[in-house]
Amino acid sequence: MLGAPRAPTQEPRAYRPTWAWTDEGLVRAPVFGVDERGILCDPRGLPVEDRRGLLVPGFVNAHTHLELGPVPTAKQAGFVSWVAQFRAGAPPSAAQAGRGVFQAIRAGTAALGEITNNGWSQGALTAARMPARVWHEVFGIDCVDVPGDVSGRLTPHAPHSTHPNMIKAAAALPGPWSIHFDEDPEEAAWLASGTGAWRPFLQRSGRDLSAFPIPGLSPAAYLASMGVLDRRALLVHATCTRGADLDLIAAARVCLCVRSNEHITGRLPDVPGMLDRGIPLAVGTDSLASTPDLDPLAEAAALRRAFPQIAVEVWLHALTAGGADALDLPVGRLTNGLAPGLLLVDVPDEDPLGALFDGTVWPRRWLACPEA
Ligand SMILES: [Zn+2]
């Protein structure tokens with residue numbers, strides 16, 4: 001079982017864990033001060049408590065859909081089949097959003113990049129005082145006009161499911177923006193030539209195909225042609241992106257959700273190719289409609305299993321500072337002046353980072369809460 005959702009408000013104190021993940025990497029027995037608001041501070045003069053385990057900033061889950069509950073869908077049937085099965089399942093709900101926030105906090109999540117369809121998750125996150133970047137999702141290749149009520153927090157679903165006006169509008173807003181990207185080969189087929197399994201799906205959905213200008217480009221080249229790829233762009237999945245297309249998205253960021261990829265398409269992104277190009281990485285669980293839980297650590301363990309040649313430090317950075325940078329939120333680092341949430345993970349003293357990502361559901365508990 002995971003630890004208590006939140007530590008109570010407490011007096012200023014200092015902690016000396018066995019290990020901590022700091023700006024300098026893994027450090028043995030550092031001392032951190034934390035004030036009554038959960039803000040890291042100078043530990044001098046504070047009573048020090050020794051704690052066994054690995055202290056990390058609370059995890060950042062950079063891509064979730066908290067309103068979506070579990071939906072039974074066939075494995076590795078592809079995105080077009082998955083979305084059809086998903087639509088036949090349970091609809092999103094406010095109750096599920098509340099459960100999702102609770103599960104996220106229990107899993108050690110300090111901050112979320114959340115995709116909402118109904119606004120319910122915003123309410124649940126606000127009630128929990130959880131730091132989050134919440135975007136309202138828009139669909140429709142034939143929806144030409146940008147909806148004014150969500151223009152301040154817009155996320156187009158994907159390049160193959162949204163009119164380019166939405167993508168340009170989202171990228172023109174200040175701050176980070178996010179889009180599902182190159183998740184399945186049918187996305188590329190539609191954008192390149194208007195063919196493939198996505199076309200009959202759109203027709204069955206009653207979309208006006210004539211409203212969408214087929215760009216004749218790959219997903220990466222299509223976004224690059226709009227001039228929207230910079231570090232504010234968080235591309236979710238990039239499962240199928242390879243070679244020269246990775247060069248095109250090197251100016252952006254990628255959020256990896258490999259458990260969702262393994263379920264929906266059975267494919268894995270070219271993570272070594274992303275690292276070779278210096279693409280900043282974040283980690284997301286995606287929704288319960290394609291993953292078994294909302295545990296960012298389990299997501300990173302799946303990455304460790306899929307890419308054993310990649311150093312474990314890459315995954316811990318992506319789970320913390322990488323996600324914080326992608327969402328532009330002041331969490332993800334054990335830095336004085338921040339309130340990133342102090343999370344103690346009960347891993348063995350020997351090789352704590354190796355153990356952290358070995359797939360065990362390690363007990364973890366909050367020593368201090370993140371501050372929204
Ligand atoms: Zn998603």
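Residue numbers count from 1 along this sequence. Predicted, not measured: the structure shown is a model, and the values here were computed from it. The figures here come from the full heavy-atom set of this structure, side chains too, leaving out hydrogens, waters and symmetry mates. Atoms within a ligand are numbered from 1 in the order they appear, just like the ligands themselves.
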Go around the Zn ion (ligand 1) and count every protein N, O or S atom nearer than 2.8 Å.
4
Going by atom types alone, do Arg106 and Gln103 pair a side-chain donor with an acceptor below 3.5 Å?
no
Table please: side-chain donor-acceptor pairs of residues 70-79 below 3.5 Å, with sequence neighbours left out.
residue: Thr73; atom: OG1; partner: His263; partner atom: NE2; Å: 2.7
residue: Gln76; atom: NE2; partner: Glu262; partner atom: O; Å: 3.3

Sorted by chain and number, sequence neighbours left out, side chain to side chain donor-acceptor pair (under 3.5 Å) with Glu313 holds for none
Please name all residues satisfying side-chain contact (heavy atoms from CB on, under 4.5 Å) with Pro215, sequence neighbours left out, ordered by chain then number.
Leu191, Phe212, Leu217, Tyr222
Would you check if the side chain of Arg232 reaches a backbone N or O of Ala171 as a donor-acceptor pair within less than 3.5 Å?
yes
Please check: side-chain N/O of Asp142 versus main-chain N/O of Asp208, any donor-acceptor pairing under 3.5 Å?
yes
